[in-house]
Undergrad: 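Dropping the structure in here first, questions after.
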Amino acid sequence: MTSGTAALQERRYRILVTGYAISSYGTFLNVVALSLYVYAVTDRALAVGVFMAVRLAAGFVAGLAAAAVLARWSPKGVMFWANVAQAAALLLLVLAPDGFRTGTLFAVSAVVGASGTLFMVTLRSSIPDMVGEGRHTWANSLMVSGRSMAMVAGFASSGVVVSLLGYTAAFLVDMATFLVCALTVLLLPMPMSPARGNEEKDSQGKDVEGGQGNREEEGADRQGRRRDGRRRVPAALVALGAVPVLGLMVALRGIDALGSSSHNAALPVYSTELDADNPAVFVSVFWCVWALGNVLVQQVLQRYTKRTGRSVGALGFGLGTIAMSGTFILAFAGLPWAATVLVALLAGAADGLTEVSYTSHLQTLPSPLRTHAFGLSATVENLGFGVGMIVVAAALDVFTPLSVVGVAHGAAIVLAMVYVARVLRGRGAQEAGEAQETHEAQEAQEAVPASEAREGKQGKQVEQGEQGEQGEQGKGESGAGPARGGHRDGAEVSGG
């Protein structure tokens, strides 16, 4: 790849990340505005919970279907229409008559949940194709940095936007952010629809250049079936077995999502306990400092990758999860303000490290398996977060925020320690195997010169023997003395 092509790829990816950050702002503004709007329309707290459950359930299903969708549509098309669908849903909500707004709200929840998940699965799995080899960590860091800043901006401005401009204005702002992201997707140098070159057929319905067999095999692979119709191992499970400890990695991601649900639900409760008159102060400060730590660690990761050419990898994900869960537990321990701010900074840094290392590791998979892995991961994350929100909400009515967050993130720490041990054991076995191969190669190299020396010595002895035979033969013919090379040589000559 030429430097000009790489620079063009990087520029277009930066434009896409800008659009993604803008739409992320709309997403987080959406979370607050839509939740408040559901309560305002229905006047029931249960409706808010059901609204979130529908959103997470739609994301769960979209994660399962992501691989099948991407098998039929190009990544560019999926990302474009995912943004357009969210914008259209919000416009429908704005235009809906009063009697239909409750039903429209839940339809919007499903569309936003499914479209958001499809967009993220497609973006993460397509990054290797967008930026080229060796640029995964940089690309992931840039993406996470943009989302972190957008999250803080979305949460921080949601109250102001809703209070000053109203719900309709907030929904229109959300709609505009998704349309902006859709426009940045259009700038990507990728086809909008799947390539049709392999699907051309001649007049008899047969493929041009005999591509039918290959396409059937590819179709069978995509559907996870053998050609005899029997069910094969699901492609998502194949993806789990394609990379060492990947299954444990995805499971840890799900438990981490459960831990995330615990601190998200517990923060308002804990903040109210600290200052009942201004409960938003602690939450706002915590998330702002968290985002700062997240952005700072992305800068460190980008410089580390550029200097060493290496990524943090699977081990960084496990260690980052332990650090992140530990710092989130400390955030509810009643520490002084200065210590809590430091804890929030470290929590954001550890969260950013886990996000980049996890995404980069899954991106090492081949393209088809990569899509299945990211789709399965999104499903597990939505499941963990959704179940966590239900369990945590019930637990917070009985237990303190510290105990609830401690149990949820403690489970993540335990599983992360098992994961780190597995990774280190795998690395140890790999290093031992490489050392054995190196030792065998050195022995082989040492054996070659010795063999050559022996062959050379034998050749010299043979040459000397031939010369001795010739001399013995000459002396025998002239009757001049005994044979020099020994009686055996002389006998062999006279006997010849």
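Numbers here simply count residues along the sequence, with the first being 1.
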Undergrad: So do the side chains of Arg307 and Tyr304 get within less than 4.5 Å of each other, counting heavy atoms only?
TA: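 They are in contact (side-chain heavy atoms under 4.5 Å apart), so the answer is yes.
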
Undergrad: Less than 4.5 Å apart, side chain to side chain, heavy atoms only: is that true for Glu381 and Asp256?
TA: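 They are not in side-chain contact.
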
Undergrad: Can you list everything that forms a side chain to side chain contact (heavy atoms under 4.5 Å, CB included) with Thr102? Sequence neighbours excluded, please.
TA: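 Partners of Thr102 under the side chain to side chain contact (heavy atoms under 4.5 Å, CB included) test: Val41, Thr42, Phe106.
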
Undergrad: Is the distance between the ring centroids of Tyr13 and Trp138 under 6.0 Å?
TA: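 Yes, the ring of Trp138 comes within the 6.0 Å limit of the ring of Tyr13, centre to centre.
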
Undergrad: Roughly how far, to the nearest 0.5 Å, is CZ of Phe317 from CD1 of Ile322?
TA: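 One gets 10.5 Å once the value is rounded to the nearest 0.5 Å.
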
Undergrad: Got a sec: does the CH2 of Trp81 have more than 12 other heavy atoms crowding it under 6.0 Å?
TA: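 Open: at most 12 neighbouring heavy atoms sit under 6.0 Å from CH2 of Trp81.
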
Undergrad: Can you classify the ring geometry of Phe286 versus Phe328 as parallel (below 30°), tilted (30 to 60°) or perpendicular (above 60°)?
TA: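 Aromatic pair Phe286/Phe328 classed tilted.
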
Undergrad: Tell me every residue that passes side chain to side chain donor-acceptor pair (under 3.5 Å) with Thr321, counting only those two or more places apart in sequence or in another chain.
TA: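 Counting only residues at least two positions away or on another chain, Thr321 forms no side chain to side chain donor-acceptor pair (under 3.5 Å).
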
Undergrad: Is there a side-chain contact between Leu186 and Leu183 in this structure, where contact means two heavy atoms from C-beta onward sitting under 4.5 Å apart?
TA: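 Answer yes - side chains close enough.
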
Undergrad: Indicate yes or no for a side-chain donor-acceptor contact from Tyr419 to the backbone of Val414 under 3.5 Å, with no hydrogens or angles considered.
TA: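 No, because the side chain of Tyr419 does not come within donor-acceptor range (under 3.5 Å) of the backbone of Val414.
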
Undergrad: Are any side-chain N or O atoms of Ser262 and backbone N or O atoms of Ala408, one a donor and one an acceptor, separated by less than 3.5 Å?
TA: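 Looks like no, no N/O pair under 3.5 Å.
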
Undergrad: Run the salt bridge (Lys or Arg N to Asp or Glu O under 4.0 Å) test against Arg14 and tell me which residues pass, sequence neighbours left out.
TA: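 For Arg14, the residues satisfying salt bridge (Lys or Arg N to Asp or Glu O under 4.0 Å) (neighbours in sequence not counted) are Glu10.
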
Undergrad: Measuring only between side-chain heavy atoms, which start at C-beta, is Leu292 closer than 4.5 Å to Cys288?
TA: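 They are not in contact (no side-chain heavy atoms under 4.5 Å apart), so the answer is no.
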
Undergrad: Using modelled atom types only, decide if a donor and an acceptor are shared between the side chain of Ser126 and the backbone of Thr122 within a distance under 3.5 Å.
TA: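 Yes.
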
Undergrad: Please tell me if the side chains of Phe282 and Leu267 come closer than 4.5 Å, counting only heavy atoms from C-beta onward.
TA: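 They are in contact (side-chain heavy atoms under 4.5 Å apart), so the answer is yes.
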
Undergrad: Return the set of residues passing ring pair (Phe, Tyr, Trp, His ring centres under 6.0 Å) with Phe60 (not counting sequence neighbours), or none when no residue passes.
TA: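 Once residues adjacent in sequence are excluded, Phe60 has no partner under the ring pair (Phe, Tyr, Trp, His ring centres under 6.0 Å) criterion.
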
Undergrad: Please walk me through it: do Tyr20 and Thr184 pass side chain to side chain donor-acceptor pair (under 3.5 Å)?
TA: CA-CA 8 Å; Tyr20 167 63; Thr184 61; over 6 Å; no

Undergrad: Does this structure show an ion pair linking Asp129 with Arg370, if we count only N-O contacts that are shorter than 4.0 Å?
TA: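 Salt bridge flag = yes for Arg370 with Asp129.
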
Undergrad: Do Val300 and Leu296 have side chains that get closer than 4.5 Å, going by heavy atoms?
TA: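 Not in contact.
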
Undergrad: Look only at the side chain of Arg124 and the backbone of Phe374, and say whether a donor-acceptor pair between them is shorter than 3.5 Å.
TA: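 It does not hold such a pair.
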
Undergrad: Taking the side chain as everything from C-beta on, heavy atoms only, tell me whether Met417 gets closer than 4.5 Å to Arg422.
TA: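 Side chain of Met417 against side chain of Arg422, heavy atoms only: no contact under 4.5 Å found.
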
Undergrad: Examine distances only and state if a side-chain atom of Ser23 and a backbone atom of Phe178 form a donor-acceptor pair shorter than 3.5 Å.
TA: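 No: the side chain of Ser23 does not pair with the backbone of Phe178.
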
Undergrad: Name all residues meeting the ring pair (Phe, Tyr, Trp, His ring centres under 6.0 Å) criterion together with Phe51; count only those two or more places apart in sequence or in a different chain, and write none if there are none.
TA: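 Scan of Phe51 (ring pair (Phe, Tyr, Trp, His ring centres under 6.0 Å), adjacent residues dropped) gives none.
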
Undergrad: For residues 83-90, which side-chain donor-acceptor pairs fall under 3.5 Å, sequence neighbours excluded?
TA:
| from | atom 1 | to | atom 2 | distance (Å) |
| --- | --- | --- | --- | --- |
| Asn83 | ND2 | Met79 | O | 2.9 |
| Gln86 | NE2 | Ala82 | O | 3.3 |

Undergrad: So, does Ser360 use its side chain to make a donor-acceptor pair with the main chain of Ser357 at under 3.5 Å?
TA: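 No.
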
Undergrad: Does the Ser325 side chain pair with the main chain of Gly410, one donor and one acceptor, at a distance under 3.5 Å?
TA: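 A pair under 3.5 Å: no.
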
Undergrad: Are any of the side-chain heavy atoms of Leu172 and Thr168 separated by less than 4.5 Å?
TA: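 A side-chain contact exists here, since the closest heavy-atom pair is under 4.5 Å.
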
Undergrad: Side chains of Ser141 and Gln298: do they bring a donor and an acceptor to under 3.5 Å?
TA: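 The answer is yes; a qualifying pair exists.
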
Undergrad: If the test is side chain to side chain contact (heavy atoms under 4.5 Å, CB included), which one of Asn294, Asp351, Thr359 qualifies with Val144?
TA: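 One option only clears the test, and that one is Asn294.
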
Undergrad: Keeping the roles fixed (side chain from His409, backbone from Gly259), state whether a donor-acceptor pair exists under 3.5 Å.
TA: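 Yes; at least one donor-acceptor contact below 3.5 Å.
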
Undergrad: Looking only at atom types and distance, does a side-chain atom of Ser163 sit under 3.5 Å from a main-chain N or O of Val160, one as donor and one as acceptor?
TA: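 The answer is no, because no donor-acceptor pair under 3.5 Å joins these two groups.
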
